[in-house]
Amino acid sequence: MSQISITLPDGNVRKYAAGITGMDIAKDISTSLGKKAISCSINGKHCDLSQVIQSDVDFAIFTMQDDVQALELIRHDCAHIMARAVQEIWPDVQVTIGPVIDNGWYYDFDRKDPFTPEDLSTIEKKMREIINLKDSVRREIWDRERAIKYYKDNNEPYKVELINSIPGNEDLSMYWHGYWQDLCRGPHLVHTAQIPSDSFKLMSVAGAYWRGDSNNTMLQRIYGVAFQNKNDLKAHLTMLEEAALRDHRKLGREMDLFHMQEEAPGQIFWHPNGWRIYTALQDYMRRMQDKNGYVEVNTPQVVDRKLWEASGHWEKYQENMFIVEVDEDHAREKAINALKPMNCPCHVQIFNQGLKSYRDLPLRMAEFGSCNRYEPSGALHGIMRVRGFTQDDGHIFCSEEQIESETKIYIDFLSNVYKDLGFDDFKVKFSDRPDKRSGSDEVWDKAEKALLSATRAAGIEPELNIGEGAFYGPKLEFVLTDAIGRDWQCGTHQVDFVLPDRLDASYIGKDGDKHRPVMLHRATLGSFERFIGILIESHAGKLPFWLAPRQVVVASIVSDANDYVIKKVSELNNLGIRAEADIRNEKINYKVREHSLGKVPVILAVGAREVQDNTVTLRRLGQKQTEVKQFEEILSKLSLESTPPDLRN
RNA sequence: GCUGCCGUAGCUCAGGGGUAGAGCACUCCCUUGGUAAGGGAGAGGUCGGAAGUUCGAAUCUUCUCGGCAGCACCA
């Protein structure tokens with residue numbers, strides 16, 4: 001038998017007979033390592049310890065101390081154990097897939113009756129029993145026919161379908177957890193008891209379509225979370241509880257920012273406090289766009305179907321549009337209009353007024369465009385996903401040669417805005433052609449290439465998002481995260497060769513001929529509504545001073561100070577500071593508590609002494625200590641703080 | 001849109017086939033009090049909506065609207 005060299009991470013080389021397994025090596029290194037080992041790496045690939053090694057390799061052993069590998073295995077094995085538990089309790093349930101996800105795993109089942117919360121505890125209990133059996137995990141390679149026959153015999157049609165969709169004639173790996181087995185790539189733990197039985201929890205059940213396709217059966221998905229130890233699980237659950245406190249829907253109510261009601265699902269009633277945030281943000285964006293060479297426009301809400309037919313929206317986007325039929329007495333036919341779901345076709349109409357020259361390009365056109373989209377009911381989510389919203393929309397009409405420089409300029413612009421708003425880090429995704437699209441493949445090739453290379457030129461390597469582009473062009477998505485880690489697309493930048501063509505936009509080039517401009521669709525915040533939702537959650541309601549709806553409350557301690565309070569509030573207001581008086585007949589403790597809960601960043605308390613000395617006692621949100629200051633000093637200080645970031649210095 | 005769960009006073013929530021209950025908020029009175037709830041009194045829901053079962057429904061059934069989680073869809 002031939003000798004092979006096993007190179008360990010520290011550079012040591014050990015010689016073994018070919019055909020040795022990872023576990024053999026672990027045990028050979030030390031008995032304790034043999035016990036602690038959970039998996040290994042063979043030439044950088046994460047493998048089972050049972051993996052047989054036939055040639056020289058780089059090799060490493062993983063234990064529970066290796067976070068990345070340990071968590072992956074724990075979660076993956078949990079998925080299998082859960083599926084086994086479910087089938088032990090309900091033998092007629094069919095299993096499908098069960099991957100590892102952030103913090104845990106899920107497994108999709110086909111079962112007639114819904115899983116109840118009580119079922120989840122039953123399953124958890126059964127899982128612990130299985131873990132305690134300390135069943136070893138075994139890997140077997142099966143050929144396709146055997147696997148298909150096995151699953152057919154066991155009445156598992158989903159698995160058969162899965163196998164049939166695995167390309168090529170590659171062999172399939174089967175993993176056995178005791179007597180129970182599942183088709184799986186692996187790797188897995190050595191035995192079930194390596195899962196810490198007190199560090200996982202089944203979280204929820206929800207419907208999920210088989211293979212993610214809404215034409216397919218809806219399965220039942222059980223989500224679980226799992227960690228290396230009890231404390232990590234506890235920390236995760238605590239984090240979730242704290243995240244719930246930052247939910248913009250909860251804070252929106254508590255801070256009296258907005259409300260929504262049945263009569264207008266997916267639309268927002270902005271209260272005075274919320275509208276202050278909105279307008280402060282809009283004022284900021286308007287200044288930023290002005291400074292960056294945009295011209296601001298405004299376009300109609302209700303537009304005849306003819307324009308939507310021309311733009312392609314009628315064909316590709318109709319199910320998302322609010323259709324308005326107008327049946328006027330004298331009209332020969334019913335007029336069919338739609339509320340605009342996007343601003344782009346209207347912007348082209350403005351571009352098309354009068355002849356444009358290459359000298360007019362790039363033309364950066366912006367609109368705080370109010371849009372309405374009939375979003376599926378299940379998609380609505382607080383103010384983050386609504387049916388009526390306003391985009392900080394813009395379209396850059398330019399030549400093909402200008403795509404790259406305009407993209408670069410825009411990415412810089414967006415980065416500055418995000419930075420000003422406290423988001424230094426954001427994800428960038430590149431979405432290419434969707435199935436449902438306008439324009440030829442040739443045009444799409446050109447658009448995708450242009451956008452991607454421009455993005456790279458701006459120093460960004462985006463994540464790829466296959467098939468997620470808009471129907472008229474590929475897009476760059478700038479993604480921010482909410483309190484519980486859900487991703488939301490906010491900014492976007494899209495290259496479009498299709499719409500200018502469909503709507504016959506043109507400019508006269510240097511050569512005197514007509515040319516098609518390219519349109520770059522771009523939105524920075526995305527929608528004010530969604531962005532404000534993200535802002536609220538990321539700050540837990542404690543918005544930066546310049547965005548806080550109520551920046552200052554001046555509160556009297558004794559009623560003799562009321563006149564002074566009112567006078568000071570008006571002096572603050574005169575400097576543009578959003579200040580309110582609280583001269584209610586309540587104790588200062590009560591007022592402090594209430595305005596603290598209301599997330600007011602500064603409370604100025606005024607009693608007899610302050611009136612006497614023309615001072616105020618300042619208390620900042622979240623701080624216990626107070627400081628007595630001359631009012632003039634406070635005035636200039638707060639005036640500075642209330643200055644938006646683009647107006648400082 | 002799909003699956004599941006939920007819908008009781010402004011808010012958070014209890015109750016549950018015989019015509020609703022708590023805390024906070026609100027109103028009034030007393031209190032003028034120094035930095036996260038001072039005290040007292042009072043008013044306020046017909047239980048998301050519709051239909052049905054029943055002598056009787058907020059409580060059971062069906063439909064419908066809305067919300068939540070996930071899926072699908074997407075700023």
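In this text the structure is predicted, and so the values were computed from the model without any measurement.
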Distance check: side-chain N/O of A:Arg387 vs OP1/OP2 of B:C73, anything under 4.0 Å? no

Heavy-atom neighbours of A:Gln612 CD exceed 12 at 6.0 Å: no

Can A:Asp108 and A:Tyr158 be counted as having a side-chain donor-acceptor contact under 3.5 angstrom? no

Nearest-angstrom distance, C1' atom, B:G7 to B:C47: 10 Å

Tell me whether the side-chain N/O atoms of A:His381 come closer than 4.0 Å to OP1 or OP2 in B:A69. yes

Listed pairs, N/O of protein and of nucleotides 45-49 of chain B, under 3.5 Å:
none

Residue A:Glu375, side-chain heavy atoms: nucleotide from B:A72, B:C74, B:G70 that is nearest: B:C74

Does A:Arg619 have a side-chain nitrogen or oxygen under 4.0 Å from the phosphate oxygens OP1 or OP2 of B:A36? yes

Can you check whether A:Arg486 has a side-chain N or O nearer than 4.0 Å to OP1 or OP2 of B:G70? yes

Take atom C1' in B:G52 and the same atom in B:C68, then report the distance between them in whole Å. 29 Å

Take atom C1' in B:C55 and the same atom in B:C2, then report the distance between them in whole Å. 42 Å

Do the charged groups of A:Lys340 and A:Glu367 touch, with an N to O distance under 4.0 Å? yes

Please confirm whether the shortest side-chain N or O distance from A:Arg593 to OP1 or OP2 of B:U35 is below 4.0 Å. no

Taking CG from A:Asp108 and P from B:G4, how many angstroms apart are they, rounded to a whole number? 15 Å

How far does the P atom of B:G45 sit from the matching atom of B:G40, given to the nearest Å? 25 Å

For a quick check of understanding: with a heavy-atom distance under 4.0 Å over all strands, which category does A:Arg253 fall into, base, sugar-phosphate or nothing? sugar-phosphate

Might you work through the side-chain contact (heavy atoms from CB on, under 4.5 Å) test for A:Tyr410 and A:Arg364, ending with a clear yes or no? CA-CA 10 Å; A:Tyr410 179 66; A:Arg364 303 187 188 130; over 6 Å; no

C1' gap between B:U46 and B:C29, integer Å: 31 Å

A:Ile536 vs A:Leu257 side-chain heavy atoms within contact, under 4.5 Å: yes

Return the nearest nucleotide to the side chain of A:Glu586; candidates are B:G38, B:G4, B:G70. B:G38

Just call it for A:Pro265: base, sugar-phosphate, or nothing, with non-hydrogen atoms closer than 4.0 Å on any strand. sugar-phosphate

If you look at every strand shown and take non-hydrogen atoms under 4.0 Å, does A:Ala379 touch a base, only sugar-phosphate, or nothing? base

In whole Å, measure the gap between the C1' atoms of B:G38 and B:C24 for me. 16 Å

Taking the same atom, C1', in B:G44 and in B:C26, what whole-Å distance lies between them? 9 Å

Using only heavy-atom distances, determine whether the side chains of A:Tyr564 and A:Asn614 contain a donor-acceptor pair under 3.5 Å. yes

Return the 5'-most residue of the pair A:Gly526, A:Leu219 with respect to RNA chain B, ranking by each residue's nearest nucleotide. A:Leu219

With a non-hydrogen cut-off below 4.0 angstrom, is A:Phe531 in contact with a base, only sugar-phosphate, or nothing? nothing

Which word best sums up how the rings of A:His76 and A:His80 line up, parallel for under 30°, tilted for 30 to 60°, or perpendicular for over 60°? perpendicular

Under 4.0 angstrom, heavy atoms only, what part of the nucleic acid is A:Arg249 near: base, sugar-phosphate, or nothing? sugar-phosphate

Any base atoms under 4.0 Å from A:Ala555, or only sugar-phosphate, or nothing? Heavy atoms, all strands. nothing

Look at all strands and tell whether A:Lys624 reaches a base, only sugar-phosphate, or nothing, counting heavy atoms closer than 4.0 Å. sugar-phosphate

The nucleotide from B:C26, B:C73, B:G66 with an atom nearest the side chain of A:Tyr590 is B:C26

A:Leu380 CG to B:C71 P, straight-line distance once rounded to whole Å: 16 Å

Which is true for A:Gly382 with a 4.0 Å heavy-atom rule: it touches a base, it touches only sugar-phosphate, or it touches nothing? sugar-phosphate

The answer to which of A:Leu604 and A:Glu319 contacts RNA chain B further toward the 5' end, by nearest nucleotide, is A:Leu604

Under-3.5 Å donor-acceptor pair between A:Thr626 side chain and B:U35 base: no

Determine whether the side chains of A:Gln87 and A:Glu156 contain a donor N or O and an acceptor N or O closer than 3.5 Å. yes

Indicate, with a heavy-atom threshold strictly under 4.0 Å, whether A:Gly212 touches base, sugar-phosphate, or nothing. sugar-phosphate

Check this for me, if you would: do A:Glu641 and A:Arg620 make a salt bridge, where the nitrogen-to-carboxylate-oxygen distance has to be below 4.0 angstrom? yes

Assign the ring pair A:Tyr472 / A:His313 to parallel, tilted or perpendicular, where the plane angle (0 to 90°) is split at 30° and 60°. tilted

Need one value for A:Ser214: base, sugar-phosphate or nothing, where a base atom within 4.0 Å counts as base even if backbone is also close, heavy atoms only. sugar-phosphate

Walk me through whether A:Glu448 and A:Arg437 qualify under salt bridge (Lys or Arg N to Asp or Glu O under 4.0 Å). CA-CA 13 Å; A:Glu448 286 171 357; A:Arg437 60 177 183 263; over 6 Å; no

Would you say A:Ser204 places a side-chain N or O within less than 4.0 Å of OP1 or OP2 belonging to B:A69? no

Can you measure A:Gln267 atom CD to B:G66 atom P for me and round it to whole angstrom units? 12 Å

note: A:Glu468, atom CD; B:C73, atom C1'; distance rounded to Å ~ 10 Å

Hey, does the side-chain of A:Arg385 have a donor or acceptor N/O within less than 3.5 Å of a partner on the base of B:C73? yes

At under 4.0 Å between heavy atoms, what does A:Met260 touch on the DNA or RNA strands: base, sugar-phosphate, or nothing? nothing

Whole-Å distance separating the NE2 atom of A:His259 from the P atom of B:G66: 15 Å

Options B:C2, B:A36, B:G1, nucleotide nearest the side-chain atoms of A:Tyr374: B:G1

Decide whether A:Asp412 and A:Ser415 meet the rule of one side-chain donor and one side-chain acceptor closer than 3.5 Å. no

Distance-only donor-acceptor test, A:Thr617 side-chain atoms vs B:G34 base atoms, 3.5 Å: yes

Paired and unpaired positions of RNA chain B as dot-bracket, Watson-Crick or G-U wobble under 3.5 Å, | denoting a partner strand: (((((((..((((....[..)))).(((((.......))))).....(((((..]....))))))))))))....

I'd like to know if A:Arg221 reaches the base of B:A69 with its side chain, counting only an N/O donor and acceptor under 3.5 Å. no

Closest to side chain of A:Tyr209, choosing from B:A72, B:C26, B:G34: B:A72

Under the 3.5 Å rule, do the base of B:G34 and the side chain of A:Glu610 count as making a donor-acceptor pair? yes

When the P atoms of B:C63 and B:G1 are compared, how many Å lie between them, rounded to an integer? 15 Å

Is it possible for you to check whether A:Arg75 lies under 6.0 Å from the centre of the six-membered ring of A:Phe227, through NZ or CZ, and within 45° of that ring's axis? yes

Which nucleotide, B:C73, B:G38, B:C71, lies nearest any side-chain atom of A:Asn589? B:G38

Is there a side-chain contact (heavy atoms from CB on, under 4.5 Å) between A:Met260 and A:Val386 once you walk through the steps? CA-CA 10 Å; A:Met260 303 174 91; A:Val386 289; 3.8 Å; yes

